[in-house]
Every structure is written in C-alpha cells, then in structure tokens.
Trainee: 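Before anything else, here's the structure in question.
Starting from 1, each residue takes its place in the sequence as its number.
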Amino acid sequence: MVKDHLKKEYSSIAEMCKQYSINPSTYRYRIASGMSVEAALTSPIKDNSCIDYLGNVFQSINQMCHFHNIDVNTYKTRIKKGMSVKDSLSSVVRTPYDKGVECIDHMGNKYRSYNEMARAYHIPPSVLRNRINRGLTLEEALQKKEVCDHEGKKYKSVREMCRAYNISINVYKARLEKGMTVKDALTIPVGDLIGGICIDHKGNKFCSVREMCKAYDIDHSTFRHRITVGMSLEEALTKNEIYDYKGNAFRSELEMCKAYHIDNSTFRYRIREGFSVEEALTIPKHYSLGEYRVSRVLDKFCEKGLISSYFHNIQIKKLFDILGLPDVYDTFMIAYDNELKDSNINISRHKLAKFRFDFSVIKEANVFAFIEYDGVQHFKFVDLFFKTLEDFIVNVSRDRAKDMFAEVSGIPLLRIRYDQIEESMVTSMIADLLENPCKYLEQHNTYISNHSYMKAFEEICLDVTPDLV
C-alpha cells in the first residue's frame, strides 16, 4: 500500500500515478531526486507534444515517427537540411543499392540497379559497394584495376599479391606508408606468425616466433601487434615504447601493467578518467580516483589522532556488528523503515542492510560520520555504469535512501562531488565535518545546499513513455 500527500491509500504506485495522470517512472525519478510526494504527483509535465502535416497530435517526436514508420534520426536529419515536415515524414528512404533503383554509370549508361551495373563491368556487387563506401568515385570503383609487384608480375588485387608473398595486407600497407619500396614491403621477412622457422634481424634462426620472442623477452601478442602496424623486425623485437612514473622502460603497456599486477583495461580506463600514470598503476582496484584521494586525506586525520579509524565500502549491518552495536542498528532500522514507507521509496529491509557508504568514520568506537564520494554517474546517465535508464533511477533512489538513513540515525553525512576532489578542498570539507558535525545532519555538502547539489537531476527530462525512451 502507498499513500499520496492527502494520505489517501492505493494498492500500488502505478494506481496512484494513474489517478494523477502521471507516468510511474516520472514519479519514481522525481522522488529519487528529492521532490516531495505532493510535488512529484502534481508538478506539471513538460509539454513535448508535436503535430504532423495531417494535423495529428503526438506526445513526442519519437511517437510521431513511429506512427509514420520512419526512423527518428532520419526525420531529424531531413529537418536540419531544410525539408518540410511532410517530406521528412513521407519521403521513402531508399539507398542506391535497393532493388529497382535506377542508376547511371560514368559513361551515361543506365542500369536497373547497382547489381546490374556491377555485373556489366564484371565486378561483384559487394566489391562495388565496398569501393563506393571507401570514397572512390563511380569511375574508379567500376574499373577493374590490376596491380604489379616489383618484378612486373600482375595480380588481380593487392590482397592476391600479398598472399603470393605470404605477407599480411596490413603489414604491406603500413610499410608503404612508412616509405618502404614495394620490393622491401613484400620481401623483407617478418617471421612466420603461425609457426615454423623464422629469422631475426641479426640472422639468428628460431624454431618459432614464440621462441624468438622469448629470446628477446617480449610478449608474443605485443610482437604480432607491432608487426601488423608496420614496425620493422628489429623495432618489433627491441623497442621500448612506454615508461612508468619511475622512468622504468617497458616494451608495451600490457607488459607494464603486468609488472604492477593491474589489468590493462583498468589502466586505460583510469587514464581516460584523469588519473596520473602513478595513480592509474598503484591505486587499489576497488578504489575510484575520488575515493582514493579522500582516503589519503582521512589517513592524515588518523595520524593526527582527530579520528580513530575509518572503513571503506563496508555494509551498514556489518559495520555495526564489528563495532558491537547490533541493538543500535536495529533501533535505526525500525525508524528508517517507517520513514521509507512514508516517502514511498520501495526498498526492502534486506537490501538496506547491504547498503555501503564509501567511508564510515569511527571516533571512540562509535560511528561518527559517513562520507560519500559522488562520481559523475550519480548525476547523469553514463553508459559505462548503467545499461538502462531504470538502472540509473534505482541508483538515484539508493542515494536518497542513504541520505534518509543518516538523517534518521542522527549520523552526519558529507557528500563530496566529483568536481570537489582537490586535496586542499577535501581536507577543508572533512575538517569542517569534524568541527561542525551537527551541520551535516541536514546539509550534506560543505559549500552547496542539498537542492543545488542535486540540481543536475532537474535538467533531465523523463516525461516520455518507457517504450519511447
């Protein structure tokens, strides 16, 4: 059972929202972003309606395009090009490759289709399409060109020539781009990438490429990649191309990550997210950049004796069990359950027990405060963290539930946003938390009000039906 702001009971959120003519997903999102039940149910919905050329009214462009059986991106592109709404919605989308679409070659000859034109020039239709897609003119795409090697021997294609010389076409093209002659690009040995006898740049023979790589202490996959991108055999075997923060040289990023016992994909993600090379290599895997910087500041407060200790990412129930305060936890949970029901946040007590605060600050064997680091995914939909918009909404609900737990329990909560992680600012915020804990029972950020802190939610429009999201 759920109640609206007038204390009227309904069997479900869906039934209540139907009474107020609002989409349940919009209601849940509004509640999660901090709106009251009354505001979530009664605030006007942004009007996204639109009208087609026949006068039909639709709730959104998506719905209108779906009705006219046209892709919404096609419609938007046509509108940007200056086409009318009628033409944008009604013109048939056809490609040059569609059956029955007439086309003309560079000589002015007409054909019933691209396939017919390709056959007239003795070219497979797939080859013609590929050439056109690569940017060749129609004349260039239709001409059946032959290629010659350094000895004047003719081949139907570059691929056929490379096969004759037992060399990858990618290696051949990369060598030409580096200025090598056709002869060198085709004939300089790179070793057998599958197996068999191979020779290094010094003339040493090996039973296989793997044996050669082992002799030069280089990863086999690194060697293959270097050869594929056009490196010479000597460069592929001997070149050091990456350095860590200490100045140590490594053959590859993969080799460096192995030395630091960190996954290569984790290292790359961290670098994209603004980590320094040292941070990307040394921060424990279970820490984000913001959490790591907060933990370093907390370590300094521990050293000064201002706090006893802190826990990172520990479940709420387990935290109180470790501190020997199970009765306190049960008291908190009873009050918390009632508060959640009044706020219509549908989270079971079992799930509540598994919630984790990023940091639980301990002082004199008691929970003194909680600290949450909120990355950008707490404020907007990020594909890396969420598969669907509903997953994002659930995450927002979880944040709101944590706020409520801290408020009901009388435990100060500090939230640090992703743009507030400079060491000096984090130090200042935690120092203020320790000096003025009562302030953080209601306001959860040192510099920003709760409403302004979560303002990003208000800028996202969710007033669309789920099947059109």
Side-chain angles (χ1 to χ4, degrees), residues 28 31-32 34 266 283-299 301-302 307-375 377-379 382 384-387 390-418 421 426 430 433-434 437 440-441 444-445:
R28 290 190 181 95
I31 289 295
T266 301
I283 291 178
K285 190 174 182 179
H286 56 282
Y287 275 98
S288 67
L289 175 61
E291 290 173 350
Y292 177 70
R293 291 180 178 175
V294 172
S295 70
R296 288 196 303 181
V297 174
L298 286 173
D299 287 338
F301 280 97
C302 286
I307 60 175
S308 302
S309 61
Y310 66 89
F311 290 96
H312 173 252
N313 199 31
I314 188 172
Q315 291 181 358
I316 295 175
K317 187 176 188 310
K318 189 174 182 180
L319 170 66
F320 282 87
D321 287 342
I322 290 174
L323 296 175
L325 303 171
D327 295 337
V328 176
Y329 169 78
D330 290 336
T331 303
F332 287 162
M333 275 302 180
I334 292 171
Y336 190 27
D337 270 342
N338 295 331
E339 187 69 22
L340 286 175
K341 288 175 183 176
D342 290 341
S343 301
N344 288 328
I345 295 181
N346 186 23
I347 298 176
S348 68
R349 184 165 179 167
H350 179 69
K351 288 183 179 179
L352 293 176
K354 293 185 177 182
F355 274 16
R356 302 167 184 263
F357 285 95
D358 291 335
F359 298 95
S360 303
V361 181
I362 309 302
K363 202 171 183 180
E364 298 176 357
N366 283 307
V367 181
F368 176 78
F370 294 122
I371 299 177
E372 283 282 286
Y373 167 71
D374 294 329
Q377 74 276 9
H378 288 259
F379 300 90
V382 179
L384 182 66
F385 294 91
F386 310 110
K387 293 182 179 179
E390 289 183 357
D391 291 340
F392 170 64
I393 294 173
V394 169
N395 188 67
V396 175
S397 299
R398 190 180 294 114
D399 287 342
R400 178 61 186 142
K402 286 182 179 180
D403 288 349
M404 290 177 59
F405 179 83
E407 291 164 6
V408 169
S409 306
I411 300 175
L413 168 62
L414 168 63
R415 284 191 174 275
I416 301 175
R417 205 163 64 178
Y418 61 92
I421 57 171
V426 173
I430 296 178
L433 170 67
L434 297 177
Y440 295 89
L441 293 174
H444 302 307
N445 188 268

Trainee: With rounding to the nearest 0.5 Å, note down the distance linking CD in E364 to CD1 in I307.
Mentor: 12.5 Å
Trainee: Suppose we screen for side-chain contact (heavy atoms from CB on, under 4.5 Å). Which residues come up paired with S409, at least two apart in sequence or across chains?
Mentor: F332, F405, I411
Trainee: For the residue pair N445 / Y440, report whether a side-chain donor-acceptor contact shorter than 3.5 Å exists.
Mentor: no
Trainee: Would you say the side chain of V367 lies within less than 4.5 Å of the side chain of V361, judging by non-hydrogen atoms?
Mentor: no
Trainee: Under the salt bridge (charged side-chain N to carboxylate O under 4.0 Å, His left out) test, which residues partner D321, sequence neighbours left out?
Mentor: K317
Trainee: What distance separates D299 CG from S309 OG, expressed to the nearest 0.5 Å?
Mentor: 11.0 Å
Trainee: Strictly by modelled atom types, are H444 and E407 linked by a side-chain donor-acceptor pair under 3.5 Å?
Mentor: yes
Trainee: State plainly whether the residues R415 and D374 are in salt-bridge range, i.e. N to O under 4.0 Å.
Mentor: yes
Trainee: Is I362 close to L319 at the side-chain level, that is, under 4.5 Å between some pair of heavy atoms?
Mentor: yes
Trainee: Nearest heavy-atom pair of P412 and L441: which atoms, and what distance?
Mentor: N-CD2, 3.6 Å
Trainee: For S308 versus C302, what's the shortest heavy-atom pair and its separation?
Mentor: O-SG, 4.3 Å
Trainee: Look at the side chain of N313 and the backbone N and O of D358, then say whether any donor-acceptor pair between them is shorter than 3.5 Å.
Mentor: no
Trainee: Can you name the closest pair of heavy atoms from F368 and K363 and give their distance?
Mentor: CB-CB, 3.7 Å
Trainee: Looking at every heavy atom in both L413 and I371, which two are closest together, and how far apart are they?
Mentor: CD1-N, 4.4 Å
Trainee: Quick one: pull up CZ in F359 and CG in L414 and give me the separation to the nearest 0.5 Å.
Mentor: 11.0 Å
Trainee: Shortest non-hydrogen contact from I322 to I314?
Mentor: CD1-CD1, 3.5 Å
Trainee: Indicate the atoms forming the closest heavy-atom contact of I421 with I416, along with that distance.
Mentor: CG2-CG2, 4.5 Å
Trainee: Verify, without hydrogens or angle tests, whether Q315 (side chain) and R356 (backbone) share a donor-acceptor contact under 3.5 angstrom.
Mentor: no
Trainee: Measure the acute angle between the ring planes of F357 and F370, then classify it against the limits of 30° and 60° as parallel, tilted or perpendicular.
Mentor: parallel
Trainee: Do F301 and Y310 have side-chain heavy atoms sitting under 4.5 Å apart?
Mentor: no
Trainee: Would you say P326 and F320 make side-chain contact, with heavy atoms under 4.5 Å?
Mentor: no
